[in-house]
Amino acid sequence: MRYLPLTPDDRAEMLGVIGAATIDDLFRDVPEAARPADLFDLPLHAGELEVERELSALSAKNRAAGAGPFFLGAGAYKHHVPATVDHIIQRSEFLTSYTPYQPEIAQGTLQVLFEFQTQVAALTGLDVANASMYDGSTATAEAVMMAQRVTRREKAVLSGGLHPHYASTTQTIAHAEGMEIVRLPAAVDAEAAVIEAIDAETACVVVQTPNVFGVVTDVSKIAEAAHAAGALLIVVTTEAVSYGLMKSPGAMGADIAVAEGQSIGNALNFGGPYVGLFACREKLVRQMPGRLCGETVDAEGRRGYVLTLSTREQHIRREKATSNICTNSGLCALAFSIHLSLLGGAGLSQLARVNHSRARELRDALAGVAGVEVLTPRFFNELAIKTSVPAAQLADELAAEGILAGVPFSRLDPAGGMDDVLLVCATETNTSQDIAALAAALSRKLAR
Amino acid sequence: MRYLPLTPDDRAEMLGVIGAATIDDLFRDVPEAARPADLFDLPLHAGELEVERELSALSAKNRAAGAGPFFLGAGAYKHHVPATVDHIIQRSEFLTSYTPYQPEIAQGTLQVLFEFQTQVAALTGLDVANASMYDGSTATAEAVMMAQRVTRREKAVLSGGLHPHYASTTQTIAHAEGMEIVRLPAAVDAEAAVIEAIDAETACVVVQTPNVFGVVTDVSKIAEAAHAAGALLIVVTTEAVSYGLMKSPGAMGADIAVAEGQSIGNALNFGGPYVGLFACREKLVRQMPGRLCGETVDAEGRRGYVLTLSTREQHIRREKATSNICTNSGLCALAFSIHLSLLGGAGLSQLARVNHSRARELRDALAGVAGVEVLTPRFFNELAIKTSVPAAQLADELAAEGILAGVPFSRLDPAGGMDDVLLVCATETNTSQDIAALAAALSRKLAR
Amino acid sequence: QDEGLLFEVGGWEKTGVDLDETPGFDESDLGGLVRDDLRLPGLSEPEAVRHYVRLSQKNHAIDLALYPLGSCTMKHNPRLNEKMARLPGFADLHPLQPTSTTQGALELMDRLAHWLKTLTGMPAVALTPKAGAHGELCGLLAIKAAHEAAGQGHRRRVLVPTSAHGTNPATAAFVGYSVTEIAQTDDGRVDLSDLAAKLSDDVAAIMVTNPNTCGLFERDILEISRLTHEAGAYFYCDGANFNAIVGRVRPGDLGVDAMHINLHKTFSTPHGGGGPGAGPVVLSQALAAFAPAPWVVHDGEGLRLEEETAGEAAQAFGRMSAFHGQMGMFVRAYAYMRSHGADGLRQVAEDAVLNANYLKARLSVAMSPAFPEGPCMHEALFDDSWLEGTGITTLDFAKAMIDEGFHPMTMYFPLVVHGAMLIEPTETESKQELDRFVHALLGLAEAAKAGDVERFKGAPFLAPLRRLDETQAARKPKLTWRPEPTGVAPAPLAAE
Amino acid sequence: QDEGLLFEVGGWEKTGVDLDETPGFDESDLGGLVRDDLRLPGLSEPEAVRHYVRLSQKNHAIDLALYPLGSCTMKHNPRLNEKMARLPGFADLHPLQPTSTTQGALELMDRLAHWLKTLTGMPAVALTPKAGAHGELCGLLAIKAAHEAAGQGHRRRVLVPTSAHGTNPATAAFVGYSVTEIAQTDDGRVDLSDLAAKLSDDVAAIMVTNPNTCGLFERDILEISRLTHEAGAYFYCDGANFNAIVGRVRPGDLGVDAMHINLHKTFSTPHGGGGPGAGPVVLSQALAAFAPAPWVVHDGEGLRLEEETAGEAAQAFGRMSAFHGQMGMFVRAYAYMRSHGADGLRQVAEDAVLNANYLKARLSVAMSPAFPEGPCMHEALFDDSWLEGTGITTLDFAKAMIDEGFHPMTMYFPLVVHGAMLIEPTETESKQELDRFVHALLGLAEAAKAGDVERFKGAPFLAPLRRLDETQAARKPKLTWRPEPTGVAPAPLAAE
């Protein structure tokens with residue numbers, strides 16, 4: 001039991017100090033009937049070597065993204081993360097500390113959160129940001145709930161370009177709260193329908209850019225329409241690297257911007273843990289969910305940081321809190337912040353350019369494949385393509401050949417009626433050979 | 001240039017402060033003729049992603065020991081190292097610090113070295129140990145040089161059971177110093193010949209246990225003979241895990257014990273870096289090579305540690321030093337010490353038992369193979385076997401089938417006349433399936 | 001030493017990465033949406049390492065000393081788990097790859113689910129919730145869905161003990177329920193008669209933490225669940241304190257209908273300065289059908305993810321988040337479970353309880369336990385009555401602990417105890433470390449009683465900073481760094 | 001805080017690993033040599049992590065602040081290198097595997113060799129030496145072998161400047177040579193006339209560091225090598241300071257015959273608190289044939305290791321150590337080289353020299369540079385004349401630097417300068433950190449001149465310990481922990 005420091009002698013001695021005869025004495029409040037004498041039917045303890053063998057074998061049964069040509073995006077992105085990032089987040093002082101409730105001995109975490117908040121505000125072009133949410137999808141749901149609190153209205157309009165998982169997540173939460181969700185049909189270009197759906201009951205409009213089909217969208221007109229109706233505009237981004245090149249949500253009129261931050265600093269991890277970004281205009285700050293870190297001074301007047309405005313939070317306000325969130329994505333936010341510090345504005349901008357250049361190369365290659373139609377007119381690093389065979393089948397067949405070609409839209413939205421749409425993505429990790437291999441494989445498959 | 005913090009502006013400003021017009025001004029002492037204007041003919045800088053790709057591709061061209069059945073030993077051993085070890089040695093404060101010449105801000109490293117020395121002394125059954133050597137082979141050579149200083153004699157007797165690389169390394173150094181090396185012919189059981197070779201000119205006798213053929217040897221009689229002749233006994237161990245089970249060098253009369261410490265805490269690393277252990281009787285301490293850490297107090301009387309007895313060392317004594325060693329194997333010694341702390345005496349002893357049990361299983365399996373003769377009569381975790389075809393050819397053929405079967409003795413000692421000897425080793429990392437696979441493969445190969 | 005903010009130490013044009021050039025970059029596919037307002041400082045790699053390493057040393061951590069935060073379960077985080085989570089087949093795996101290429105990952109989720117179900121004695125588990133509070137949300141949404149399916153949609157009230165975690169009422173409110181508090185008995189348990197009185201046919205569920213936040217096992221737990229079920233309500237158990245009973249007691253045997261499990265507490269995944277966590281929810285047979293999508297199913301050819309809430313899965317209440325949960329945490333937690341095994345996990349509970357009772361026994365000579373009678377479970381609760389007359393508060397005492405090298409205990413929680421001090425050592429503390437802790441606290445207690453007030457009021461003295469002014473922070477919140485309003489773009493500050 | 005010794009905090013029966021059982025263990029194959037005297041303390045895993053993490057925080061490190069040890073080149077250690085060295089194809093590779101299974105490793109060694117040869121302009125390199133001093137040994141052994149092969153075995157003397165690293169004379173003595181010192185000129189270079197006078201037909205080699213230990217480039221280097229070669233001796237260059245010229249100047253162009261390269265200096269592999277290093281030696285055509293075994297050769301089918309010193313390789317002087325060098329360091333160094341490239345490495349030298357000259361310029365307002373005229377290379381040397389009359393020594397000043405958060409510079413070396421202070425910032429320091437350092441040192445200098453003696457004599461005040469008593473340590477050395485002599489086996493000490 002390598003994780004347990006007590007020796008049998010320690011245990012005996014400690015029971016003596018306590019005045020208990022056996023360990024069972026300490027469990028005496030548990031009803032007899034709920035105290036099974038036998039061990040549960042599970043394997044006994046195993047050495048590190050054995051555990052490592054089992055997990056390595058499981059890992060080997062998966063095809064890692066880096067094992068060959070890879071073009072999946074749709075809310076999770078393969079980017080290169082500098083080794084420094086993973087090194088730092090494994091430092092004991094970051095990895096094994098708690099939420100910084102005791103600021104005197106948590107300035108490391110707190111200053112990072114303050115820097116993170118500032119970075120997120122700069123990226124989104126908004127005034128303030130919180131210290132992270134679980135991920136982009138839950139941040140979106142929280143943003144809708146926040147809009148409800150701010151506007152005291154009960155209806156939310158979700159664009160047809162919103163990632164279907166994000167829409168479903170929002171529906172789940174909003175349904176529980178009794179809100180009405182107008183989820184517009186999936187559409188590559190969803191702008192007009194959104195504007196049309198706004199009315200005087202609308203609390204908020206949720207628009208994604210680049211949207212799930214890769215389309216980069218000028219949401220300024222939607223912002224105007226929303227604001228004219230007294231509604232808030234929530235702009236969602238799943239590919240945070242796009243912030244390096246694309247106009248920010250704030251600059252286009254968003255009141256709240258939420259995003260999935262995984263792209264920066266975090267591995268794919270089969271879907272989690274990720275990190276939700278959440279920013280808004282200053283006047284809305286007291287309705288924000290989640291933790292906030294603020295600057296202050298210590299008893300000697302030295303600058304320092306604390307968690308603040310916690311009267312919004314569950315541990316103080318209980319049923320009146322703005323959200324029930326407690327543990328968030330601290331370490332993922334740290335990874336995000338370190339990676340972004342390494343990039344700097346200049347590096348992020350260049351990274352975004354490299355991504356877009358690769359996506360253009362991908363678009364050009366795919367546009368030349370018979371049986372493929374590129375649906376996305378304007379894009380950052382993702383494209384939707386229409387294929388002459390069902391996309392799911394195509395993805396499966398190419399996977400068998402070692403090419404992970406993209407995400408069939410039907411995987412995200414089985415009932416969306418877009419079974420022939422494949423979402424593909426290119427990042428700095430894609431080589432020209434990768435792209436050529438995909439185009440060649442598609443030509444082969446679609447020629448039959 | 002991600003590792004270079006200076007910006008072009010910084011450089012210009014700094015040149016101004018210096019009063020230099022260009023950077024070339026600062027290189028003006030370099031003769032014109034030795035100032036090529038062009039860049040050298042090497043690739044330009046590369047991003048992390050690109051470097052990672054190149055090195056990963058090179059790594060993938062090697063067959064990692066863990067990729068299948070593996071039975072190599074002969075001075076380097078595959079053991080399981082707990083993840084904690086690698087985590088701790090990567091902490092900035094250990095990884096990126098210098099030799100602890102400023103003890104006030106190096107107590108972390110120094111206390112570890114003091115603990116390491118104590119651990120090594122306990123393992124070897126001797127009084128004192130130094131803070132590490134490069135590896136076992138250079139430690140052996142240094143031990144011979146030390147014996148020369150202690151005895152003022154010029155002859156060393158090397159057992160035929162000594163690892164041939166160790167013997168060669170010692171010969172190289174001793175030759176330069178003008179010592180006479182009596183290197184006895186390679187022999188599975190080398191004891192009698194060693195005793196016979198001792199005479200009144202002998203400074204030291206070097207005996208290995210378990211020896212290169214895996215034989216565990218009671219060196220007490222050699223110790224008696226050596227001491228009777230006024231010579232020192234140096235006992236070499238290449239498999240440090242054997243200390244967990246086998247009688248210690250000190251208990252058998254050794255004056256100096258040296259060992260390769262790789263087995264504990266350190267990866268195979270294709271041969272380095274490793275860590276040499278060096279221990280001796282207390283009265284010899286002032287002739288020891290290498291760094292020593294000692295206990296003392298600070299100005300307030302608190303316990304602390306410093307490098308000590310440095311009048312033996314090159315930076316103080318220059319040409320009169322006991323060795324030229326400066327940088328040693330600090331981080332590998334740390335890894336050794338952490339792993340050994342995790343094991344404890346109880347764990348090391350059990351680890352040794354597991355190793356021996358696996359080796360017995362291997363012996364039993366191989367003894368049943370026609371065409372194989374087990375040469376090693378007593379062993380810890382290594383065996384020499386005689387095969388009916390040349391061992392090098394056998395090892396190559398089995399490697400092509402994915403089994404790394406052992407080390408052909410001819411690889412270590414091409415002129416040793418033992419081309420049919422294969423050295424095999426079993427550790428806790430070998431499964432029964434591995435062993436069965438080897439036996440089956442050998443049966444197949446040797447049946448033809 | 002003060003470490004400047006990133007915005008002060010970084011350079012506006014600096015970068016610590018080397019990327020490909022993009023000569024002749026063509027903007028024509030960007031829809032005219034290119035930004036020119038991005039200003040973020042960068043650091044070269046050596047500067048970045050130093051910035052964060054320096055900052056890190058301002059933190060306390062479990063790896064440095066006891067971190068006795070009650071209800072938080074700050075236990076040792078094995079590094080094996082970190083290593084396993086970074087295996088490329090787990091870390092470098094996209095959630096939407098064809099399931100033919102992710103069978104090992106799905107198998108791991110399936111095995112984790114098996115362990116969680118076996119350890120809790122519950123038939124179903126929803127893996128997707130991303131933290132404890134998210135798990136509560138999941139549980140209440142399942143309960144709500146079940147009530148609606150049974151025509152019991154009118155049940156809109158949730159009963160919660162006064163001592164509950166704040167997340168309980170917050171979650172209930174988040175799903176549109178109203179909250180009614182249940183009183184507590186003098187011995188720190190749910191008041192059965194108050195519960196019985198408040199249970200009625202508009203109650204959807206009760207939310208009870210067990211062991212509860214006073215560190216006590218709810219002795220009447222079987223009666224609580226019986227009453228609840230009789231009233232047609234569900235029993236949601238807050239599993240934050242599962243560490244005290246893991247391997248020894250199955251919540252399923254206690255009548256629980258839903259319980260979240262904080263993998264970052266009981267199952268040792270690191271807290272990371274505030275997450276990420278993971279909060280799988282085990283469900284009773286009555287609720288099993290109402291779990292959120294997606295989940296892992298076996299079909300003829302292997303494992304796949306059921307991502308639709310249609311057909312068989314029509315009762316699922318929807319989706320909690322994108323994708324399918326905190327895989328990185330699943331790997332760590334599973335590695336931990338396999339390492340401990342059935343025997344080790346039982347020992348975990350026993351040692352956690354033993355350590356807490358040992359602290360309770362030894363500290364009680366100077367401090368006042370809130371519930372002196374009988375054993376506690378995995379945490380020991382004290383009130384501040386022993387500080388009466390000293391002028392020293394729980395907060396002062398906690399801050400003085402910092403100067404002794406320890407993290408303070410949880411303070412002022414649960415709310416039912418005056419000046420509460422909730423101490424949870426966990427099973428991964430050695431007796432030696434506990435003795436060191438006791439020694440420090442008894443020393444402080446002596447100083448407090450001797451009237452050495454300044455040692456407390458001024459504390460901490462030895463931390464990177466003295467006490468922080470939280471009022472100022474909240475009054476005029478400064479939540480982001482902003483350049484000084486000179487009108488000129490700020491240059492990085494010089495160091496002198 | 002004091003951290004107890006392992007032998008105090010550990011348990012004699014405790015272990016932090018879980019191993020297979022060995023029921024019915026059979027000792028019959030062990031030759032009766034089973035020990036029963038092994039007593040070593042063990043730690044559970046949580047205790048082990050804490051012990052070492054606590055200890056680590058007592059160290060200074062490059063990752064925390066400037067570490068200006070002259071001649072040691074404490075530069076940033078990229079973490080990419082650590083990651084690459086841990087790839088299983090490198091870390092989990094046995095040195096004696098069939099070469100058919102190690103082609104990637106051999107290729108890496110081959111590429112590293114190519115880079116080292118190209119950067120130095122030398123035709124051959126021996127990769128095996130394990131550190132700088134081991135490289136010196138390698139170089140001198142090759143020189144000795146070459147002399148012997150040429151019937152010049154009578155050459156037994158090595159000329160070494162007074163300012164040389166201690167390893168130079170120590171190595172010369174180790175291979176049986178006698179050492180003669182060469183004088184130094186007033187401007188800190190080799191005295192050519194003294195060199196000429198001492199060169200004779202019993203001189204085997206000269207050992208000159210360049211840039212030298214005063215941080216200066218040997219202006220007359222071409223003349224030095226010419227004189228040396230004319231006298232039939234070889235020119236061994238101590239390459240410890242290669243960082244100053246890498247990518248800009250090729251030692252081969254200077255007439256060097258052998259030079260070791262500290263991969264842990266110029267090529268950024270971590271110092272690790274005292275190793276491991278790696279000290280490949282580049283060799284001129286005259287010495288190439290005398291390199292030690294083994295080395296990598298191309299044959300028809302790929303790469304293999306030439307391990308024998310027979311046939312073609314008969315002139316090799318033998319073997320320096322088991323196996324074939326510090327592979328783990330090769331991977332790191334190669335990753336570093338590839339990252340920087342030809343352009344980046346040139347910039348390394350330029351920035352290293354720029355940083356040193358910047359410090360020299362700025363510090364000279366208060367401190368006395370040993371060689372004020374002209375530029376220095378990668379390090380700036382000061383003497384203690386500026387402290388005259390203050391009662392403060394170089395040592396005192398160095399210890400006071402600790403209180404400012406910096407590691408002291410190299411003190412009292414080179415020996416040719418009184419109270420030497422040798423400051424090497426390296427190229428991986430930012431201007432901001434240099435300014436912080438200058439600010440601190442100028443502040444100290446002011447305090448010194450103002451007579452604030454106690455600040456220096458008592459320093460450090462802010463380190464984990466105050467000054468250590470080195471005399472006591474050496475007088476009665478206590479080199480291992482031993483149980484108190486009670487006759488009773490010691491129990492681990494209790495914490496209180």
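In this text, all values refer to a predicted model and were calculated from it rather than measured experimentally. Numbers restart at 1 for each chain; the letters A, B, ... are given by sequence-line order, proteins then strands.
Looking at L43(C), both its backbone and its side chain come within 4.5 Å of chain A, counting heavy atoms on both sides. For Y67(C), the part lying near chain A is the side chain, with the backbone staying farther off; criterion is any non-hydrogen pair under 4.5 Å. For L69(C), the part lying near chain A is the side chain, with the backbone staying farther off; criterion is any non-hydrogen pair under 4.5 Å. Only the side chain of L19(C) comes within contact range of chain A, with at least one heavy atom under 4.5 Å from a heavy atom of that chain. L479(C) touches chain A through backbone and side chain together, each having a heavy atom under 4.5 Å away.
A salt bridge links D29(A) with R219(C); the closest basic N to acidic carboxylate O contact falls under 4.0 Å. D86(A) and R86(C) are joined by a salt bridge, as a carboxylate oxygen and a charged side-chain nitrogen come within less than 4.0 angstrom of each other. Residues R302(A) and D2(C) are not paired through a salt bridge, judged by the lack of any N-O separation under 4.0 Å between the basic side chain and the carboxylate. Comment: R11(A) engages D351(C) in a salt bridge, judged by a side-chain N to carboxylate O separation of less than 4.0 angstrom. A salt bridge does not link D298(A) with R467(C): none of the charged nitrogens is closer than 4.0 Å to a carboxylate oxygen. The pair E93(A)-K58(C) does not count as a salt bridge, with every side-chain nitrogen at least 4.0 angstrom from each carboxylate oxygen.
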Please determine whether side-chain hydrogen bond (donor to acceptor under 3.5 Å, both in side chains) holds for the pair R91(A) and S56(C), giving the CA-CA distance in whole Å, both sets of side-chain angles, and the decisive distance to 0.1 Å.
CA-CA 8 Å; R91(A) 278 191 58 85; S56(C) 76; 2.8 Å; yes

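In this structure, a donor-acceptor pair under 3.5 Å is present between the side chains of E54(A) and Y334(C). Defined by atom type and a distance below 3.5 Å, a donor-acceptor pair is present between the side-chain atoms of T109(A) and N59(C).
For the side chain to side chain donor-acceptor pair (under 3.5 Å) criterion with T22(C), the lone passing option out of H356(A), R353(A), Q350(A) is Q350(A).
Taking chain A as the reference chain and counting heavy-atom pairs below 4.5 Å, the highest number among L465(C), D253(C), L108(C) is found for L465(C).
Residues H324(C) and F270(A) place their aromatic rings such that the two centres sit under 6.0 Å apart.
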